[in-house]
Protein chains: 2
Amino acid sequence: MVSTTSEVSAEIEIPEEISGLRMTRQRQEVYRILQSERNHPTANDVFMRVKDRLPNISLATVYNCLEALVQHGIIRQVNFERESSRYCPNLSEHGHFHDEVTGIIHDVDFKSGVNLADMLSLPPGAVIDDIEITLRGKIAIS
Amino acid sequence: MVSTTSEVSAEIEIPEEISGLRMTRQRQEVYRILQSERNHPTANDVFMRVKDRLPNISLATVYNCLEALVQHGIIRQVNFERESSRYCPNLSEHGHFHDEVTGIIHDVDFKSGVNLADMLSLPPGAVIDDIEITLRGKIAIS
DNA sequence: GCCGATATCAAGAACTATTCCAATTATTAC
DNA sequence: GTAATAATTGGAATAGTTCTTGATATCGGC
């Protein structure tokens, strides 16, 4: 049994397997939290929230689950400076704006037609596998 | 006495104070290493190299020096994933290309006339203080 | 040049995020 | 149902960095 309609609000159905990864109960719940709270939580944030539903889960398992989900391309791991890693279910290519005042992290999409690699003087022969863009700043009061 | 011409090759003259920071012997030597070896070394790399000239320096002092230099805008701290921080004397706005095969980090300049913020759908009112661009990939054999 | 105030340094302990390990439990394939 | 495999747990271990404390060096005023 995966879930019933009698459970808490906004239930998200998660299949038993995603891109070859067996979705155990723990992985489902970890994934569900990332889906419902798009706050870019840390492993510890996820751990504290997932305990409501799986009181016996360990932090190591949360790390394992997050790693498995990242490895299978189901979520993304995001790092700011040397702070704790954060996790993000938004798979579209995007950057992150880190509000220095509130600490909130906003996803930032590229405007259509933008190809970032064209803007850069890359070393000759460079083949890009991944791009990461992080902005830090404030949001002016309007 | 800061240095003499009899010392090792490619001596770099460093003033006694840079942007309000007192340049102690330790800070000078740390800075000198960053200037002469543009490898984006880690704190530990710097520590090992600086011991040639200051055998009694401690790792904590290297961290302190690097922090002071970063805080005064004399060098930049660069982070990849959650690896050790690396340090970089290149103050011009630039990104980093991380070669996954060799581990070498290449500075990547923006092509002239590019304003990155224009390419992004930022949250309304966002004021950017800092942009960080990291690319990961390989360099194709030519 | 001397003296108190301040800044820096050194050494090691402490801290934190993360990973590793060994034992247990769950799941799958047959 | 059983053996093989994979996942989970809890605690120990690790690595990078920061903190603490006492010693040392530097600065500003006299």
Side-chain angles (χ1 to χ4, degrees), chain A residues 1-2 14-33 40-51 53-72 74-88 103, chain B residues 1-2 14-33 40-72 74-87 103:
Chain A
M1 186 204 61
V2 170
I14 293 170
E16 305 209 340
E17 193 178 308
I18 300 183
S19 31
L21 180 68
R22 205 167 85 203
M23 284 306 263
T24 63
R25 186 80 209 284
Q26 287 83 349
R27 288 174 185 162
Q28 283 175 29
E29 295 297 348
V30 166
Y31 185 48
R32 190 194 308 278
I33 283 163
H40 303 81
T42 64
N44 202 56
D45 293 339
V46 172
F47 178 51
M48 290 190 301
R49 305 217 63 262
V50 81
K51 276 197 286 194
R53 287 172 151 250
L54 300 173
N56 298 322
I57 198 170
S58 76
L59 180 57
T61 298
V62 172
Y63 273 105
N64 287 341
C65 291
L66 290 168
E67 191 192 357
L69 292 166
V70 168
Q71 226 107 79
H72 284 74
I74 300 164
I75 63 173
R76 289 178 58 178
Q77 181 171 5
V78 185
N79 298 298
F80 299 106
E81 318 282 309
R82 286 191 46 85
E83 295 169 14
S84 309
S85 288
R86 295 169 177 279
Y87 298 87
C88 168
Chain B
M1 185 204 65
V2 170
I14 292 170
E16 304 211 339
E17 192 178 309
I18 302 183
S19 29
L21 180 69
R22 206 165 86 204
M23 286 304 265
T24 62
R25 186 80 210 283
Q26 286 84 349
R27 289 174 184 159
Q28 284 175 29
E29 295 298 348
V30 165
Y31 185 49
R32 189 193 310 276
I33 282 163
H40 303 82
T42 65
N44 201 57
D45 293 339
V46 173
F47 177 52
M48 290 190 304
R49 287 196 196 131
V50 81
K51 276 197 287 195
D52 294 347
R53 287 173 150 249
L54 300 173
N56 297 323
I57 198 169
S58 75
L59 180 56
T61 297
V62 172
Y63 273 105
N64 286 341
C65 291
L66 289 168
E67 192 194 355
L69 292 165
V70 168
Q71 225 107 80
H72 284 75
I74 299 164
I75 63 173
R76 290 179 58 178
Q77 181 171 6
V78 184
N79 298 297
F80 299 106
E81 317 282 310
R82 286 192 46 84
E83 294 169 14
S84 310
S85 288
R86 295 170 177 277
Y87 299 87

- Query: Of the nucleotides C:dC9, D:dA7, D:dT9, which one has an atom closest to the side chain of A:Arg27?
  - Reply: D:dA7
- Got B:Ile18 and B:His72 here, is their nearest side-chain heavy-atom distance under 4.5 Å?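 Side chain of B:Ile18 against side chain of B:His72, heavy atoms only: no contact under 4.5 Å found.
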- Give every residue pair that meets the salt bridge (Lys or Arg N to Asp or Glu O under 4.0 Å) criterion with at least one member in residues 55-65 of chain B, sequence neighbours excluded.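 Sorted result for residues 55-65 of chain B: empty, none.
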For [X] and [N], give me the distance from atom [atom1] to atom [atom2], rounded to whole Å.
X       : N      : atom1 : atom2 : value
B:Leu54 : C:dT8  : CG    : C1'   : 14 Å
A:Glu29 : D:dT9  : CD    : P     : 12 Å
A:Lys51 : D:dG10 : NZ    : P     : 10 Å
B:Met23 : C:dC9  : CE    : P     : 10 Å
A:Ile57 : D:dG11 : CD1   : P     : 16 Å
A:Leu66 : C:dT19 : CG    : C1'   : 14 Å
B:Leu21 : C:dT8  : CG    : C1'   : 11 Å
B:His72 : C:dA7  : NE2   : C1'   : 12 Å

- Message: Need the bend value for the helix from C:dG1-D:dC30 to C:dC30-D:dG1: angle between end axes, 5 pairs each end, nearest 10°.
- Response: 40°
- To the nearest 0.5 Å, tell me how far B:Gln77 CD sits from A:Arg82 CZ.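 Nearest 0.5 Å value for the CD-CZ distance: 8.5 Å.
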- Item | Separation between OG1 of A:Thr24 and OH of A:Tyr31, rounded to the nearest 0.5 Å |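 Interatomic distance, A:Thr24 OG1 to A:Tyr31 OH, rounded to 0.5 Å: 14.0 Å.
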- Task: For side chain to side chain donor-acceptor pair (under 3.5 Å), just list the numbers for B:Thr42 and B:Asp45, CA-CA rounded to whole Å, side-chain angles, deciding distance to a tenth of an Å, and then say yes or no.
- Result: CA-CA 5 Å; B:Thr42 65; B:Asp45 293 339; 3.2 Å; yes
- Distance-only, no hydrogens or angles: does the B:Arg76 side chain make a donor-acceptor pair with backbone N or O of B:Tyr87 under 3.5 Å? no
- Message: Has B:Arg27 got a side-chain atom pairing as donor or acceptor with B:Arg22's backbone, closer than 3.5 angstrom?
- Response: yes
Output a table of nitrogen or oxygen pairs between the protein and nucleotides 17-24 of chain D separated by less than 3.5 Å.
residue	atom	partner	partner atom	Å
D:dT17	OP1	A:Arg82	NE	3.4
D:dT17	OP1	B:Ser85	N	2.8
D:dT17	OP1	B:Ser85	OG	3.4
D:dT17	OP2	B:Tyr63	OH	2.4
D:dT17	O5'	B:Tyr63	OH	3.2

- Item | Test salt bridge (Lys or Arg N to Asp or Glu O under 4.0 Å) applied to A:Glu67 - qualifying residues, sequence neighbours left out |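 For A:Glu67, no residue satisfies salt bridge (Lys or Arg N to Asp or Glu O under 4.0 Å) once neighbours in sequence are set aside.
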- Message: I'd like to check the salt bridge (Lys or Arg N to Asp or Glu O under 4.0 Å) partners of B:Arg49; sequence neighbours left out, ordered by chain and number.
- Response: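 For B:Arg49 the salt bridge (Lys or Arg N to Asp or Glu O under 4.0 Å) partners, ignoring immediate neighbours, are B:Glu37.
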- Message: Is the phosphate of D:dA25 approached by B:Gln26 (side-chain N or O, under 4.0 Å from OP1 or OP2)?
- Response: no
- Query: Does A:Thr61 place a side-chain N or O at less than 4.0 Å from the phosphate oxygens OP1/OP2 of D:dT9?
  - Reply: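 So the side-chain polar atoms of A:Thr61 do come within 4.0 Å of the phosphate oxygens OP1 or OP2 of D:dT9, strictly under.
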Pairs: protein N or O with nucleotides 25-30 of chain C N or O, under 3.5 Å:
none

- Task: Specify the closest pair of heavy atoms between A:Val46 and A:Ile33, including all atoms of both residues, with the distance to one decimal.
- Result: O-CD1, 4.0 Å
- Query: How far apart are the closest heavy atoms of A:Met23 and A:Gln28, and which atoms are they?
  - Reply: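 In terms of heavy atoms, the two residues are closest at O-NE2, 3.0 Å.
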